[in-house]
Amino acid sequence: MRHQGFTFKKLKFASFEFTCCEGCQLQLANRESTLINFLELLDIRNFRELSSEQHNNFDIVFIEGCISRHDEVDRLIKIRRQATTLIAFGTCACFGGVNSMKNKFSIEEVVAEVYPDMVVETLPVKKISDVVTVDISIPGCPVSKEEVERIVVSLVTGSQVTLPKYPVCVECKAQLNTCLFELGEICLGPITRGGCNAVCTTGKTPCLGCRGPSEEINMPAFLELVNERKLNLEDLREKITFYNAFEGFINYEA
Amino acid sequence: MYLSTKGILAFVNELYSSKPTGKECDGMIYKVISKAEFKRFIDTLVLNNPSFGPRQVDSDIRGDAVYHFLPVTSFDDIAFDYTATASSAKHFFLPFREELSRFAFHGQDWNQHINYDTNPIVLIGLRPCDISALNILDDVLLNGHFPSPYYLGKRKNTFVIGMDHLPRPDCFCKSMNHHSVQTGFNLFCSDIGEEYYLSINSSKAFNFLKEFNTRDPHDEDNCRLVERRKLISNSFLSEVDVTALPSILDIEFDSPVWEKWGNKCLSCGTCAMVCPTCYCYSVEESFAIDLNGATRQKRLYSCNLVDFAVVAGGHNFRPKNGDRLKYRYYHQHRGFAENANQQICVGCNRCGRACLAGINPKDVINDLRMEKESCLTNVSLSPGRT
Amino acid sequence: MPDKRFVIPRQDINREAFAASIPDFNRRSEIMKTDMGYKCSITNIVRLTEQEKLFQLHILESREREIFRFRPGQFLMLELPGYGEVPISISSSCSNHEFLELCIRKAGHVTSALFNVEKGAYVAVRGPFGSSFPMDEMSGNNILLIAGGLGMAPLRSPLSWINEHRERFENVDVLYGVKEPSQLLFTYQFDEWEMINHIRLHTIVEHGTAEWNSRTGMITDLFNDITINPATTYAIVCGPPVMFKVVCSYLDKLGIPMNRMFVSLERRMHCGMGKCCRCMVGSTFTCVDGPVFDYWSVMNLKEAI
C-alpha cells in the first residue's frame, strides 16, 4: 500500500500472554465493523487466540499480563530478543494490575491460601518494564480496541504513537456525566489518564485508575479534596492500590 | 401613566441591564401567552423537531437536582423549574468532538470533503447567561477576522427558546451584566404568573406562534414583567467586583495568588468543559483504519490541560498549574485582542460548581483584589518581570 | 407525520456563498482557503543539515497559483493528509510566484513524517497567515538581521526582499549564530549574499571544529564586529526564546527604538485563524497578530519571551 511516496507494510505481529486473564487479547477480536481492516494491517506470526502459525521474528509484540514466575522471566527475555517493538498491553503488563494484590502478602501466605498442600514456584508480581525494555505502553483493563487500532495504524504509517496526556474528567464531562464525587463516591478520574472515553464513569462506576496516572498529576490536591469531602480513606487506599498503577505516588497517602 | 410596550421595554432594559438596547430590539415583537397554550406550543414544536431541554439526571449528595440539556419529546419531559444545567449548552454549537474534514486518498492525490451542514434542532430553556454566552461566541467565531462556517451552520439551525429564572445563590451573572439578554434567541419567555411574556426575535418564531392563541401585552403585563425583572435582579446573592479587572489581571500577572490556587488545581479541564464560552480547541488528524483516507478532527481542549502550550520539540510555555489556571482567568476575565478585549465570562459559575478543588471565579478574583489592595496600602514594589 | 408548519427549515452553509458573504472582496479567496488548502506538489527536497530540509512546493492549479500571494514573515499551515498540519514560516522570496520554499526541522510528529516524503508527493498549504515585516517602512535605513539557529528560516524571506530591492537600503548586516558549523543553513547562498548583494554576513558558532576558521562564541559577541547607528537602523531578530531577551535588550541599550526592532515568535498553532487559542501570548494571538511583532509590543506581552 502506497500513499504520498510512503510504503505501508503489514506489521509482523505476535501476541503473548503471561499472568493475566487474556481479556485484553480478546479485545483484539472485538469491534467487528473494523476487524477485517484491522487484521489487514497485521501479518500474524504468533497469536494463540487467532492463528496457529508460529514464527519467531516480529516487528511488534503485544505482551499481556504481569510476570509472576521464573519461567515467565526467561520466556519474556527471549521474546524481547525476537521483537523490534515490544508493547506492554493492558494494565497488568503496564503496572502489574489486579495481580499485584499478591504483593501485599508474603509468598508463603499466598501459596498456602491458593494452593494448599502443593509445591508451587511463584514470584512477587512484576510489571513488564521491571524485566525488559518496553517501547510502548497501552494501558487499560481491558484495553480500548479503538486506541489499539489508532496505535497500530500509527505504527504502520510511521506516525508518532501517543496517549492522551489529560485525565479522564475531560472525556467524562463530554459525556455529560454527573461527577461521582457529587454523588458521594471516590473516583480516580481526575488523576487517571484519559483515552477510555470515560466508560466506567458513564456507567456510574467510579474510575479505579486502570490507565495509570495522567501527565503531571497533582496528588496532594487530589488527597486534599478527598479529605475535605470527608470521604472514606480506606476506600481511597483500596482504589488507588487496586491496579498498582499509582506506585510512585503512594507515599502521598499518609 | 401609560407606557407603550416598546417604551417600557427600553425602560426595563435601561434599569436592569447595562447592555445597550441594540437595533435587534427594534425588530422584536412582544406577546403574552397563557401557560396552557404555551404547553401546546412547546408540545407541537417538540413533536416536529429534534429538541433538547433541561432534564433532571441525578440528585447530588446535598439533595440538589442535577440537570443537563438532553433530548426531550414532550412538554412534560422538560424541567421548566430547573436552576441551571451542570454543563452548558455550548456543545450544541461547538461539539466536544467535531469532524472538520475528511480525506479520501487515491494514489498520491486526495479529495477533501468538508461539511458545514447540520439538522435543525430546538433548544428549550436557555438562561439569559447561556444566551449571552452564545452572543459572545458569535462575536469570537463569526465577527472575527476568520468567521467559522462550522459554528455558523449550527447557530443558524438552532432554534433557541430562552427562559428567565431566579438566580442560584452562587450565580454572579449580574456582576458580569449578563442576567438579562436582548438578542441572540428566537424566543424568550418571562414567567409573569399565569402567563408567559414572550419576546419574539425571529420570523420563524413569529410564524409558529401565529398558529397559537397569543395576545398583545397590556399595561399590567408590562408592569408584571418589570416586577419579575426587578425580583430577579434583586435576588442575586453573589457579587464579584469586576471593575478594572483587566488591568488588575495585567498588573497581578506575577502574583503569588496564582501559585496558591494553582497548587489546588488538578489540571483536569473540567472548568473549560462545562463553561458556556470556553472555546479553545485542538486539531488532530488520523488515518482511517483501511488507510484509504483520513479525518481532521477538532476537539474542545482546555488551557488547564498540561500540554496546551507545548510546542514542537517539547518545550512547554506554561509548565506550572498556576500558569495554566492564570491563563484561563486571563482569557475569561481580561479578554483577548481578537474579540475586542471583552470579558467572555458570563457569571454562571458552572466552573466553580464543577471544580473539585473548590476553585471559583468569585474567590480567585477577590483574592487578586485583596492582593492588589494590600499592594496599594503597603506601597510595596510590584513584583519584577520574570 | 411531521406537521410542515412547525418544522424548522434547514439552512445549509454553502462554501462559496459563505466566502462571498465576507464584506472585504479581497479576502474572499483567503476565506475559501482556511479549511481547504492549496494543493501542491513537492518539486524538490534539499537536505540542508542533519536536522533541516528545504522543501520546494509548486501549487498545482495555475488559477490558485495566481491568487496565492504572501508577504515576508508570514507563515503557512502545511498539511500532510493523514499526519496532520504544522505551522511553517515561508523561507522563499515573495516575488517568486512559481515556487514556495519551506525550511523544515524534524521536530514533531508531522515534520518527522515529512522527512520521509519523496519528491513528487502532494501536500496542501493553508494561508498565508499572520503579520509580516514592514519592508517599506524599513526602506532607506540600515538593516540588522539577527538569526539564531533555525531563526534563519523566517528571515530568509525578508532578506530576499532586501536583496531584490537592495538599492532601497543602506548597510545590511546579517548576524547569524548556531551551535556547530554543520548547523548553518543556506551556506550555498552565503557567497551570493556577500558578493552580489553586498550583505555583510557575520557568522559565529558556539562550538567550532577544526575546519571552522571564523568566530566562536555567542551571537552577542558579533556586536563587537559591527558599528550600529541606532538612529537609522531597523533590526529583525529571530531565534530561540532565550536569544530574544539577550539580543533585544542589547539593542535597546544601543539606543535602537523598540518599535524599530522586529521579532518573529514561534508557537504551536492548530488553526492559524485566532480560534483555537493554542498560540496565545499574553492576550495576543501569535497567528493573527503575529508572528512578527515589534519589540515594544512583545515587551508588554506576558510570557512572550
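In what follows, every chain begins at residue 1, and chains take the letters A, B, ... in the order their sequences are listed.
For B/Leu152, the parts lying near chain C are the backbone and the side chain together; criterion is any non-hydrogen pair under 4.5 Å. Using a 4.5 Å cut-off between heavy atoms, C/Pro9 touches chain B through backbone and side chain atoms alike. Only the side chain of C/Lys39 comes within contact range of chain B, with heavy atoms under 4.5 Å apart. Proximity to chain B (any heavy atom under 4.5 Å) is shown, for C/Arg15, by both the backbone and the side chain. The parts of C/Ile8 that come within reach of chain B are both its backbone and its side chain, each placing non-hydrogen atoms under 4.5 angstrom from that chain. Using a 4.5 Å cut-off between heavy atoms, C/Ala124 contacts chain B through both its backbone and its side chain. Contacts of B/Leu141 with chain C are made by both backbone and side-chain atoms, with heavy-atom separations under 4.5 Å. If you measure heavy-atom distances from B/Phe103 to chain C, the contacts under 4.5 Å come from the side chain alone.
Taking chain C as the reference chain and counting heavy-atom pairs below 4.5 Å, the highest number among B/Lys204, B/Lys210, B/Glu211 is found for B/Glu211. For the set B/Ser148, B/Gly293, B/Pro149, the count of heavy-atom pairs under 4.5 angstrom toward chain C peaks at B/Pro149. The residue among B/Leu45, B/Asn207, B/Leu100, B/Asn119 with the most heavy atom pairs within less than 4.5 Å of chain C is B/Asn119. Of the listed residues B/Ala288, B/Pro147, B/Ser286, B/Ala309, the one with more heavy-atom pairs under 4.5 angstrom with chain C than any other is B/Pro147. For the set C/Cys279, C/Gly272, C/Gly108, C/Ala107, the entry with the most heavy-atom pairs within less than 4.5 Å of chain B is C/Ala107.
Note that CD of C/Glu79 is 7.5 Å distant from OG of B/Ser101, once rounded to the nearest 0.5 Å. Atom-to-atom distance recorded for B/Tyr116:OH and C/Asp35:CG is 3.5 Å, nearest 0.5 angstrom. Taken to the nearest 0.5 Å, the CD1 atom of C/Ile13 stands 12.5 Å off from the CZ atom of B/Arg155.
The two atoms that bring C/Pro241 and B/Phe317 nearest to each other are CG-CZ, 4.4 Å, heavy atoms only. Between C/Cys277 and B/Tyr279, the closest heavy-atom pair is SG-CE1, 3.5 Å. The two residues C/Cys271 and B/Tyr281 make their nearest non-hydrogen contact at CB-OH, 3.2 Å. Nearest heavy-atom pair across C/Met280 and B/Tyr327 is CB-OH, 3.5 Å. What you find for B/Val310 and C/Arg268 is that their closest heavy atoms are O-CB, 3.5 Å.
No close placement of the C/Phe6 and B/Phe159 rings is indicated, their centers lying 6.0 Å or farther apart.
Side-chain contact between C/Arg278 and B/Val283 is absent, with no heavy-atom pair separated by less than 4.5 Å. Side chains of C/Arg10 and B/Asp117 form a contact here, defined as non-hydrogen atoms less than 4.5 Å apart.
Counted within 6.0 Å of CD on B/Glu259, heavy atoms from surrounding residues, nucleotides or ligands total 12 or fewer; the atom is thus considered open.
Residues meeting the side chain to side chain contact (heavy atoms under 4.5 Å, CB included) test with C/Met243, sequence neighbours left out: C/Ile146, C/Ile219, C/Val237, C/Pro240, C/Val247. Partners of B/Glu99 according to the salt bridge (Lys or Arg N to Asp or Glu O under 4.0 Å) rule, which considers only residues two or more places apart in sequence or in another chain, are B/Arg102. Evaluation of the ring-ring contact (aromatic ring centres under 6.0 Å, His included) rule for B/Phe206 yields no partner, not counting sequence neighbours.
Residues of residues 294-306 of chain B having a heavy atom under 4.5 Å from any heavy atom of chain C, listed by number: B/Ala294, B/Arg296, B/Tyr301.
Side-chain atoms of B/Gln112 do not come within 3.5 Å of backbone N or O of C/Pro81 as any donor-acceptor pair. Using modelled atom types, no side-chain atom of C/Gln11 and backbone atom of B/Asn157 make a donor-acceptor pair closer than 3.5 Å.
Between C/Phe129 and B/Phe146, the ring planes lie perpendicular to each other; the angle is over 60°, past the 30° to 60° tilted range.
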